[in-house]
> 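Can you read through this structure? Questions will come right after.
The chains referred to below are lettered A, B, ... by the order of the sequence lines, with proteins before strands, and numbering in each begins at 1.
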Amino acid sequence: MPSYRAPRGTRDLLPEARAGLSRLEAIARSLAARYGYREMEIPLFEQTAVFERGIGEATDVVEKELFRLAPRTEDSEAWALRPEATAGLVRAFVQHGMHTLPQPVKLTVVGPMFRYDRPQAGRYRQFWQWDAEVLGDQGPAVDAELIELGWRFYNEAGVSGVQVLLNSIGDAACRPAYLESLTEYFRANAPVLPELERRRLETNPLRLLDSKDPSMVALIAAAPKISECLCADCAAHFSAVKAHLDALGVPYRVAPMLVRGLDYYTRTAFEYYRSGAEGQQQALGGGGRYDGLVELLGGRATPGIGFALGLDRVLLALEESGVEAVREAPPLAVVTGADPADTVTRLRVASLLRGEGLAVRVELAPRKLSRQLETASKEHAHFAVIIGDELAEGNVQLKDLEAGTQRLVPLSDLARELARAAKSHHHG
RNA sequence: GUGGCCUUAGCUCAACCGGCAGAGCAGCGGACUGUGGAUCCGCAGGUUACGGGUUCGACCCCCGUAGGCCACCCCA
């Protein structure tokens, strides 16, 4: 047994898995470009305060899942690994005065996030997200545009049966009153509440609606609904979002009990779920509107909306639904030689071909030719270049490993021949 | 953070009631000195996750720890 292993909740993405992730990243980048988003990078860690203020101190993400870094010195500021991208992205928006850019500003980030919670399949301490944010447009058309973007991502990635859950959780005008009536309702029923729920009543009453406790079902069903308490503006916003989604043909289901775990959300809230995986309480992605967040992080009042899609969970969903894993591109050719010891010539020929932009492997272990060809076959190389005595006349053998044919080719023509073959066989 | 199930070679798994830790695949080599995925033969690979206990004797029973999975909590 190895004495060292990847830390709990992390894993090595072996080449095959990395290829799957790369494919998703490529789809995300392609979509982002098509929808007018500009990709950027933000640090993997921020001042802890960015998350505490931005996400909310009472949220689980900050309270128990924040991956805090040990301070280097006593007076250094506190840092934490990013548990999501939105807070850092908004911090950057404010820091760089992006409110002076033409509005709205559409930004995207792809990369790893970190949460210190207990690992499970599809839940890791380091996981990958695609994040897209629109700042400076109060919607509702951009809400629908963004939701459609996520929807399209799952379609292009090949995940079947994804459903959009949609809700509005109100804004500063109507949410306080709703919260009050909700709190009042549950407080009246406090004696029958389980311990955990009683605690949530004080910290974040909205999340009582999210409870999976069986004893809560009837109580939740009878609880006041946010949709009945929305102010006129929020109600109009919500129905306009739905109208735009209808026009785009994006199927969705209104989920009155859908609330989000982060404090900054207002109005539109949505999650992407895979039907057939309702048992697992694992969203494929989610997002919402956060009209107060920019101001909260020190900027001028700017509306915003965004989503985060969990790429690991998409990979898992694809695997579970039996979608073939992506195959890495095989090498076009492997350079082999009759003289096992002559690594100099093999390496020079390989270098020549690589200089011409061709993807070739070269056999450098001093093994006999049959072994070299065996390896080439196992790697699914299309061609083998065989170097032998004919090199004295400036020729090499070019063997087509798929067809089983071979012919003599002048070394000076080799790159051109391979390039032409690559083109006609759609090789990389 | 709480509870349940699990952990034997790189991978998938055997090992009777507590009695010498084994196979397939993958790797390396040979059969085969300039021609490939097959076949046959061989080699290597283990502190049975780790630490303790019970026992003449522990992969097997007991305790602890770590890791994985599942259900909560919560989210991606």
> Output the distance between atom CG (A:L296) and atom CG (A:D291), rounded to the nearest 0.5 Å.
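Output value for this atom pair is 12.5 Å.
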> With pairs defined as Watson-Crick or G-U wobble and both distances under 3.5 angstrom, please note down RNA chain B as a dot-bracket string, | for pairing with another strand.
(((((((..((((.....[..)))).(((((.......))))).....(((((..]....))))))))))))....
> Determine whether the side chains of A:R34 and A:S30 contain a donor N or O and an acceptor N or O closer than 3.5 Å.
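Looking only at side-chain atoms, A:S30 and A:R34 do form a donor-acceptor pair, the distance falling under 3.5 Å.
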> Under 6.0 Å between the ring centres of A:F270 and A:Y272?
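When the ring centroids of A:F270 and A:Y272 are compared, they turn out to be within the sub-6.0 Å range.
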> As a test of reading the structure: which of B:rG68, B:rG30, B:rA76 is closest to the side chain of A:P119, going by heavy atoms?
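Given the options B:rG68, B:rG30, B:rA76, the side chain of A:P119 is closest to B:rG68.
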> Could you give the CZ-to-P distance, from A:R123 to B:rC70, as a whole number of Å?
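Checked: the CZ to P distance equals 10 Å.
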> Mapping A:S370 and A:A308 onto RNA chain B by nearest heavy atom, which one lands closer to the 5' end?
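It is A:S370 whose nearest nucleotide is closer to the 5' end.
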> Counting heavy atoms from C-beta on, name the nucleotide in B:rG67, B:rU35, B:rC28 closest to the side chain of A:L373.
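Of all the options, the side chain of A:L373 is nearest to B:rU35.
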> Rounding to an integer number of angstrom, what distance separates B:rC69 and B:rC16 when you compare their P atoms?
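One P to the other, the span is 29 Å.
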> Nearest to the side chain of A:K399, which nucleotide is it out of B:rG29, B:rG36, B:rG3?
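Closest nucleotide among those given: B:rG36.
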> When you compare B:rA26 with B:rC43, how far apart are their C1' atoms, in angstrom units rounded to a whole number?
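About 15 Å, rounded to a whole number of Å.
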> Would you mind telling me which of B:rG29, B:rC73, B:rG34 lies closest to the side-chain atoms of A:R367?
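Between B:rG29, B:rC73, B:rG34, the one nearest the side chain of A:R367 would be B:rG29.
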> Nearest whole Å is fine: how far is B:rU33 C1' from A:I386 CD1?
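Distance, rounded to whole Å: 16 Å.
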> Distance check needed: B:rC32 C1' versus A:R371 CZ, whole Å only.
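After rounding, the reported distance stands at 9 Å.
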> Taking the same atom, C1', in B:rG19 and in B:rU55, what whole-Å distance lies between them?
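Between the two C1' atoms, the distance is 12 Å.
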> Could you tell me how far apart A:N395 (CG) and B:rG34 (C1') are, to the nearest whole angstrom?
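It works out to 16 Å between those atoms.
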> Output one line per pair: protein atom, nucleotide atom from nucleotides 37-40 of chain B, and distance, for all N/O pairs under 3.5 Å.
{"residue": "B:rG37", "atom": "N1", "partner": "A:S377", "partner atom": "O", "Å": "3.3"}
{"residue": "B:rG37", "atom": "N2", "partner": "A:S377", "partner atom": "O", "Å": "2.6"}
{"residue": "B:rG37", "atom": "N2", "partner": "A:H380", "partner atom": "NE2", "Å": "3.0"}
{"residue": "B:rG37", "atom": "N3", "partner": "A:S377", "partner atom": "O", "Å": "3.3"}

